[in-house]
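I have placed the structure first, in the form of structure tokens, so that the comments after it can refer back to it.
Start at 1 with the first residue, then count along the sequence. Hydrogens, waters and symmetry mates play no part in the numbers below; they use all other heavy atoms, side chains included.
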Amino acid sequence: MMKNVLNLAVMFKKISLVAGIFFLIGKVSDAQGIEKSAPTGFDSVRTGIPNGRIDTISYESKTVGTKRRALIYTPPGFSKKNKYPVLYLLHGIGGDEKEWLKGGNPQVILDNLYADKKAEPMIVVMPNGRAMKDDRAIGNMFDSAKVQAFATFEKDLLNDLIPFIEKKYPVLTGREHRAIAGLSMGGGQSLNFGLGNLDKFAWVGGFSSAPNTKKPGELIPDPEAAKNKLKLLWISCGASDGLITFSKRTHDYLYLKNVPHIYYIEPGVHDFKVWKNGLYMFSKLIFKPVDKSIIAQLSNDATPASSNIPGIQYPQILPDNRVIFRTRAPEAHKLVIDLGKKYEMVKDTGGYWTLTTDPIGEGFHYYSLVIDGIAVADPASQSFYGMGRMASGIDIPDTDMAYYQPRNVPHGQVRIVNYYSNITRAWRRAYVYTPPGYDDSIAKRYPVLYLQHGAGEDETGWSAQGKMDFIMDNLIAEKKATPMIVVMDRGYATDPSKPFNIVQSGPGRGAPGNVFPEVLVRDIIPMIDKTFRTLTDRDNRAMAGLSMGGFQTFQTTMTNLDKFAYIGGFSGAGFLQQGTEITQLYSGAWANADDFNKKVKVVYLSIGTKEPERMYTGVKGFHEALEKAGIRHVYYESPGTAHEWQTWRRSLRQFAQLIFK
């Protein structure tokens, strides 16, 4: 990869990685004095300033059929002669009306804001958002009845609590004087209730909103109404919060529908450090005129790529899938990002290099950081084996990516197995996925899918880039796929006893002298059947692969039909030379369509609609030849994807649902 080790050492002296925060001109304020984060000490008790008061109140809930409790904060100098706007501040799934008091010190934050004349005096109501008779935060917080109670709270809030507050306290009663905000589960409630009741709330805030947040189309069914009625919509989250996808999908929808809002991403996780800052920033903006320029200055449309090193903020992905790269390399002369297309970075006076790309297609993409002509993996990105070397990667979120994301379902394991190959006379390594529950019952046996990578990749590709383990976990949890073992091995193998023969290269081999099909049949399958609890007959054995692995799949299975009943080629299939009839391939295995269709249960072909023309026409032509020959098969075109992992993730998702049934 490098000309010599010295060049590599010199190069890394030139580059230092930025692990700073999103707001590029200081944490607290920018050059124009706009406060972009709470200052140090914002949540610390200060002496010599007036203090508000926190009390416990009880109200009759007709919704629940019992008396319920809430906390109420009244501001310093509270007087019944004045009228105040009200903020309803909601807790998370594991909390109650005291969660904000215990973890967030909202009274301290608000007292300090009033002392600094940064916020309008307001009443803050902190209710118990779990609307059920036993609303204590005990036991299984995820019990279905308790989760449902968070939805029921909408009626309790609108029909019982708000009328009680407006009868008991001197409050301003119009929608312009009412706000709702919350953390986590309460953030989801705030967005659901606030945006679902625009006649009741003009100020809405969600801090690290949880999965209870409605899907964007349900959340904002009428974007025009939201534009006209909302005074402020605030969505914030920690950059390293595992729930950030729920905030981002809401933001993305709002962005596309041109609904003004603040999308505020800060360093942090799912904790009170983030939520306290959110409360501070939100509270000082509400119940006063909002300068539209502040919305633009506080919003951060970009989010760190999921493929970044944990805690590193760049690269960042914008809603239109442009990518922002930012790196510090003060001594470098030229930096380029190579994403297939090369983008030159621009250096500022501080030694920071930045660029914003064109929109990048959804899915996983390899890229390189080229420093003064030397292509290396970006230290900000996780590294993946691809392009024949370790490379950086960036995963652009797909609107339909839930199927390859980790969910709260039983998970299988990807195990590493080292074994000796008698053919290559060397130790080799396989990655083996065992399904959820594999270790629970030693009597149960499983079918096996042998799943191959493409050229320039290795046995790590399907789990690291392809997310196959999450795809399988989710399909099995949904009962859409039969629990199975999946074996991934390196698709390159040479037999030292055989002379080097350039003729042996080509589709399905990938390199001169590649004997992987023989290694699979004679070494890997016997090893897997011996090591794992497999079903060893052909009806319980499948093979599939992408690109080169697809060619290898057809080469292997079609010459070993006594061992395989399921065949899958993703962007790769059999090699059909011009002028050759498909019925002549593989010793005439397709000459008798009826016999073949009885013997092989599934043949699957797929291709991306944006693949290179030669690849697209090759696979589609193979499909048409099979169709002409009467060979039963499934053909899928992945819309909008090229020769890339998004095509292959979608293909595995489909193929896995077809086999072993």
Side-chain angles (χ1 to χ4, degrees), residues 445-452 472 475 480-489 491 507-509 516-518 520-522 524-526 528-529 534-577 580-607 618-637 648 650-661:
R445 293 184 173 271
Y446 297 86
V448 185
L449 165 63
Y450 291 87
L451 186 63
Q452 286 306 114
M472 296 305 304
L475 287 175
K480 292 180 178 179
T482 300
M484 68 187 77
I485 293 169
V486 183
V487 180
M488 298 152 283
D489 208 295
R509 292 189 177 271
F516 176 73
E518 294 94 312
L520 177 64
V521 172
R522 291 166 51 190
I524 299 174
I525 290 176
I528 292 296
D529 285 344
T534 65
L535 295 167
T536 60
D537 59 298
R538 65 177 298 277
D539 287 346
N540 287 289
R541 192 177 294 123
M543 185 174 180
L546 67 91
S547 192
M548 179 189 82
F551 288 109
Q552 288 179 323
T553 293
F554 276 85
Q555 181 189 7
T556 304
T557 58
M558 292 301 296
T559 55
N560 292 277
L561 289 174
D562 60 322
K563 295 180 173 62
F564 297 93
Y566 303 89
I567 304 169
F570 313 155
S571 304
F575 185 58
L576 186 61
Q577 292 182 322
T580 302
E581 290 293 327
I582 199 168
T583 54
Q584 297 173 332
L585 297 182
Y586 308 116
S587 302
W590 283 319
N592 189 317
D594 289 340
D595 286 350
F596 182 85
N597 290 339
K598 290 175 184 177
K599 190 168 191 178
V600 177
K601 297 179 182 298
V602 173
V603 176
Y604 178 94
L605 295 176
S606 66
I607 193 74
V619 173
K620 186 174 184 180
F622 199 84
H623 147 65
E624 290 170 346
L626 287 175
E627 204 168 45
K628 182 180 177 182
I631 303 302
R632 187 178 59 242
H633 65 287
V634 176
Y635 176 67
Y636 167 68
E637 291 192 0
W648 308 323
R650 293 175 181 177
S651 299
L652 175 62
R653 181 192 191 186
Q654 288 194 355
F655 184 69
Q657 296 182 63
L658 299 174
I659 60 179
F660 308 132
K661 294 183 178 180

Subject >> Qualifying residue for ring-ring contact (aromatic ring centres under 6.0 Å, His included) with Y604, from F655, F622, Y566, F554 >> reply: F655

Subject >> With Y450 via ring-ring contact (aromatic ring centres under 6.0 Å, His included) - residues at least two apart >> reply: none

Original post:
For residues D594 and N597, is any side-chain donor paired with an opposing acceptor at under 3.5 Å?
Top reply: no

Original post:
Checking N560 side chain against K563 main chain: does a donor-acceptor pair fall under 3.5 Å?
Top reply: no

Original post:
Would you say Q657 has more than 12 foreign heavy atoms packed within less than 6.0 Å of its CD?
Top reply: yes

Original post:
Do you know which two heavy atoms are closest between F596 and V603, and how far apart they sit?
Top reply: CE2-CG2, 3.8 Å

Original post:
Who passes ring-ring contact (aromatic ring centres under 6.0 Å, His included) against H623, sequence neighbours left out?
Top reply: H633, Y635

Original post:
Is there a donor-acceptor pair under 3.5 Å between the side chain of R541 and the backbone N or O of T536?
Top reply: yes

Original post:
Does a sphere of radius 6.0 Å around NZ in K661 hold more than 12 heavy atoms from other residues, nucleotides or ligands, not counting ones at 6.0 Å or beyond?
Top reply: yes

Original post:
Which heavy atom in S571 sits nearest to a heavy atom in V619, and how many Å separate them?
Top reply: C-CG2, 4.0 Å

Original post:
Would you find a donor on one side and an acceptor on the other, under 3.5 Å apart, between the side chain of S606 and the backbone of Y636?
Top reply: no

**OP:** Tell me yes or no: between the side chains of T534 and D529, is some donor less than 3.5 Å from an acceptor?
**Re:** yes

